[in-house]
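As structure tokens, the structure follows; a few thoughts come after it.
For the numbers below, each heavy atom of this structure counts, side chains included, while hydrogens, waters and symmetry mates do not.
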Number of protein chains: 2
Amino acid sequence: MGSKERIIRQKEDVKCKILTAAWQIVKNEGWQSLSMRKIADAIEYTAPIIYGYFENKEALLVEFTGKGFQNLACHLRAAKAKHRLPAKQLEAMWFAYWNFAFEEQEYYQLMFGVEVNCCEMGMNYPEDDLPGTIFSEVIQQLIDSSNNPKTDVCKKYYTFWSVIHGLICINIVRKGQSDELNQEILKDAITGIIRTITG
Amino acid sequence: MGSKERIIRQKEDVKCKILTAAWQIVKNEGWQSLSMRKIADAIEYTAPIIYGYFENKEALLVEFTGKGFQNLACHLRAAKAKHRLPAKQLEAMWFAYWNFAFEEQEYYQLMFGVEVNCCEMGMNYPEDDLPGTIFSEVIQQLIDSSNNPKTDVCKKYYTFWSVIHGLICINIVRKGQSDELNQEILKDAITGIIRTITG
DNA sequence: TACCTTTGCTTAACGGTGTTAAATACTTTA
DNA sequence: TAAAGTATTTAACACCGTTAAGCAAAGGTA
């Protein structure tokens, strides 16, 4: 009986439709506004049928997370394949990582817990950039008393901030990093960047 | 009539109670499980009265964001005050920033959109660390053909990842950074770290 | 063909969310 | 005391994820 196969093919088809409908919603309205009922509407079913394909909403998100990581791995391998020297490969790979984060921003947000709707973050109030001004003040002093007095404060500040904020995020989201390693990286990064200023 | 003042004092008191109740809930159960009704329960009122003090839930979160930034600024200034040399000040300030992020993790998450509940991120599946293995492979090759063959791959990988992930997060959450600046920082960081490997 | 079982799907419901409008209770003022 | 104003609650709306019950069509079996 070939109908069995047709049926499991149809089931597979519905699962696929769920995923593409969900993805469409996310692309248009963001993760925050993805709901089971919306997905069901889009595929012209009612919400409960989704639970025949995914245990719950979380499972659906996990599916996308997996897809995201495969997608990213794909990009990384492609970037690597374009060069022969490890140094060049590494450079290309990190640029590929960077591009992936923005071209597939929805994936990246889900994969690494980057919340975008938390407070319409884009600086609600002037005080929200207080750290920036406080740090920049000190960085400027350091630049003034250095050998290259026309160094860009902003650039140095963002370099500091990026590495430390990044390390923090990694530790908060994927908890259980080695503390010694963290401290080493932190110290290395800070002294390293300071050295690029003092020259 | 002094009763007017007593009344505005009581109003202020309720607002304060709302904030402390909300904070308690967040500390105990995380941002995800903070709800207007829970806050109301804690202060022995019903949900709608909160709207007399905050326009909506978002406004309440914005209030906490502000508090967080002031708190952080406080820590930074204290750290700065402990040293005289700008280089030492800067170092102390970034360590203070780091400590703030973990000691006041709830603040930090809200302030910078670090989602922790998105998928119980702590590596659901082996494939979730695919980028790590792909990168580490190339980094190892680079180390092998370098002058310091006992460099820690893991450390270098996390250093790369931190700075790039951090820069990405900053750009996603606080959109509208200068693209040239991003590219400069990105390129500088990558070539800089590669240089620390090749020696 | 008639019956029974299985399957696919929907409806209804539970408990939760943020938020608003109407109703009630209380206090102040005239 | 009556009217006005304010504080607070109740009820409701429109969502959310999720589960259980009901229904209708299809399949197998006698």
Mind calculating the distance between [atom1] ([X]) and [atom2] ([N]) to the nearest angstrom?
X	N	atom1	atom2	value
Ile50(B)	dT8(D)	CD1	P	13 Å
Ile39(A)	dG17(D)	CD1	C1'	11 Å
Tyr45(A)	dT18(D)	OH	P	20 Å
Asn56(B)	dC15(D)	CG	C1'	16 Å
Glu55(B)	dT19(C)	CD	P	9 Å
Gln10(B)	dT6(D)	CD	P	16 Å
Lys57(A)	dG16(C)	NZ	P	18 Å
Glu44(B)	dA7(D)	CD	C1'	17 Å

Lys38(B) NZ: over 12 foreign heavy atoms closer than 6.0 Å: yes
More than 12 heavy atoms from other groups under 6.0 Å of CD on Gln10(B): yes
First encountered from the 5' end of DNA chain C, between Pro48(B) and Ile49(A): Ile49(A)
Helical bend (five base pairs per end, nearest 10°) for the helix from dT1(C)-dA30(D) to dA30(C)-dT1(D): 40°
Residue among Tyr107(B), Phe69(B), Phe100(B) satisfying ring pair (Phe, Tyr, Trp, His ring centres under 6.0 Å) with Phe112(B): Phe69(B)
Passing candidate, ring pair (Phe, Tyr, Trp, His ring centres under 6.0 Å) with Tyr108(B), options Trp31(B), Phe102(B), Tyr97(B): Tyr97(B)
Note: Arg37(A)-Asp41(A) ion pair, threshold 4.0 Å (strictly below): no
Any Thr46(A) side-chain N or O less than 4.0 Å from OP1/OP2 of dC9(C): no
Hydrophobic cluster identity match, Leu85(A) and Ile197(B), side-chain contacts under 4.5 Å: no
hbond_proxy Arg37(A) side chain to dG17(D) base (donor-acceptor, 3.5 Å cutoff): yes
Among Ile193(A), Asp188(A), Ile194(A), the one residue meeting side chain to side chain contact (heavy atoms under 4.5 Å, CB included) with Ile190(A): Ile194(A)
